[in-house]
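One structure is given here, and the rest of the page talks about it.
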Amino acid sequence: MSQPSIAHPTPPDGSHTADASARAARLRVMIFDVDGVLTDGGLRYGPTGEVIKTFDSLDGHGLKLLAEAGIVTAIITGRQSEIVARRATDLRVAHVYQGVHDKRAAFEDLCAKVSATADVCGHVGDDWPDLPVLTRVGFAACPANAHAEVKARCHWVAGTRGGEGAVRELCDFILRAQGRYDALLAEALA
């Protein structure tokens, strides 16, 4: 695979690369990693050993907006967590793969389930375990604090960190690329 161009969401001149916008415009499926993407990546352990994760509510609304625009949302994550299952239910994410050690196999299963090819799928990840999917999808994205090897292979890099609005920034970018942002905003203002 050739090295994709990196498009930062808010370059000094306010432009985006045409490549990232064109890729986002074709999306039918958007896949999200959890730790470091939907959360800040921190794992907080409670007194009885439970893991506590913090999700950004703006990010969550972004996922809902993608679904309203007809984009299938999915989660593929390496950890198994009841917290993630609950958050996915709250956000109406129908396709959730947890405890996944082979993200590529989960991605292939998802594509088969939703009858989609890799070129109309996007993925947002932050570390090496995400690379098998990021390098296969039509639109690869990551938060600002992703590992350098991930950033080097993404079409779009957020200006914000994972768990701190990067996903909402990404969702807004996708909705604008598909020409749906203004209509959804108008509905919210009605």
Side-chain angles (χ1 to χ4, degrees), residues 27-114 116 118 121-137 139-147 149-151 153-154 156-158 160-175:
L27 287 180
R28 288 187 37 236
V29 178
M30 191 65 206
I31 305 159
F32 299 84
D33 180 31
V34 176
D35 296 322
V37 173
L38 288 171
T39 74
D40 64 6
L43 298 173
R44 295 154 191 88
Y45 291 88
T48 59
E50 73 276 15
V51 175
I52 300 165
K53 298 176 187 265
T54 303
F55 297 90
D56 185 285
S57 62
L58 290 174
D59 288 349
H61 191 68
L63 268 75
K64 288 180 182 179
L65 291 172
L66 289 183
E68 284 181 40
I71 297 171
V72 173
T73 56
I75 290 173
I76 299 178
T77 181
R79 293 186 182 276
Q80 182 73 39
S81 169
E82 185 55 40
I83 296 166
V84 171
R86 182 173 177 181
R87 185 66 174 148
T89 298
D90 290 348
L91 299 176
R92 290 174 252 130
V93 176
H95 305 281
V96 180
Y97 296 81
Q98 292 198 71
V100 173
H101 298 289
D102 183 354
K103 289 190 176 189
R104 183 178 68 176
F107 170 63
E108 290 169 355
D109 182 71
L110 173 65
C111 286
K113 282 183 180 173
V114 300
C121 294
H123 184 263
V124 55
D126 68 318
D127 208 346
W128 289 17
D130 300 306
L131 289 172
V133 178
L134 285 169
T135 57
R136 284 170 173 76
V137 294
F139 179 70
C142 67
N145 60 323
H147 190 278
E149 295 296 341
V150 170
K151 285 182 180 180
R153 289 162 175 81
C154 284
W156 186 91
V157 178
T160 50
R161 298 170 59 85
E164 297 177 8
V167 166
R168 180 55 179 273
E169 197 176 322
L170 171 63
C171 293
D172 289 352
F173 179 79
I174 293 166
L175 293 170

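- Residues P143 and V157 come closest through the heavy atom pair O-CG1, 4.1 Å.
- The line from CG of L27 to CD1 of I71 is 6.0 Å long, rounded to the nearest 0.5 Å.
- Nearest heavy-atom pair, V93 versus A74, reported as atom, atom and distance to 0.1 Å: CG1-CA, 3.7 Å.
- In this structure, CG on D59 lies 9.5 Å from CG on L91, to the nearest 0.5 angstrom.
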Test side chain to side chain contact (heavy atoms under 4.5 Å, CB included) on M30 and V72 and set out the steps. CA-CA 6 Å; M30 191 65 206; V72 173; over 6 Å; no

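- Between I75 and L38 there is a side-chain heavy-atom pair separated by less than 4.5 Å.
- For the side chain to side chain contact (heavy atoms under 4.5 Å, CB included) with L66, the lone residue among I174, V167, L170 that qualifies is I174.
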Evaluate R79 against L43 for side chain to side chain contact (heavy atoms under 4.5 Å, CB included), listing each step before the verdict. CA-CA 11 Å; R79 293 186 182 276; L43 298 173; 2.8 Å; yes

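- Ring geometry, F139 versus W156: the interplanar angle falls from 30° to 60°, so the pair is classed tilted.
- Distance check, rounded to the nearest 0.5 Å: NZ of K151 to CG of L134 gives 13.5 Å.
- In this structure, D172 contributes its side chain and E169 its backbone to no donor-acceptor pair below 3.5 Å.
- Judged by distance alone, the side chain of D126 and the main-chain N or O of N145 form no donor-acceptor pair under 3.5 Å.
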Stepwise side chain to side chain contact (heavy atoms under 4.5 Å, CB included) check, V137 with F107: CA-CA 9 Å; V137 294; F107 170 63; 3.8 Å; yes

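- Shortest non-hydrogen contact noted between C121 and C111 is SG-SG, 3.8 Å.
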List the steps, then state whether side chain to side chain contact (heavy atoms under 4.5 Å, CB included) holds for V150 with C142. CA-CA 7 Å; V150 170; C142 67; 3.8 Å; yes

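- A salt bridge links E149 with R153: at least one charged nitrogen is closer than 4.0 Å to a carboxylate oxygen.
- At a threshold of 4.5 Å between non-hydrogen side-chain atoms, the residues R92 and L63 do not count as touching.
- Between K53 and S81 the shortest heavy-atom distance is CE-OG, 3.8 Å.
- Note: D130 CG to C154 SG = 9.0 Å, rounded to the nearest 0.5 Å.
- Residues I52 and Y45 fail the side-chain proximity criterion, which asks for heavy atoms closer than 4.5 Å.
- Going from atom CD of Q98 over to atom CD1 of I83 covers 10.0 Å, rounded to the nearest 0.5 Å.
- Taking the charged nitrogens against the carboxylate oxygens, D56 and R168 have no contact shorter than 4.0 Å, which rules out a salt bridge.
- With values rounded to the nearest 0.5 angstrom, H123 atom NE2 is found 5.5 Å from K103 atom NZ.
- Contact check for H95 versus I31: no side-chain heavy atoms found under the 4.5 Å cut-off.
- Taking a cutoff of 4.0 Å between a charged side-chain nitrogen and a carboxylate oxygen, D40 and R161 do not qualify as a salt bridge.
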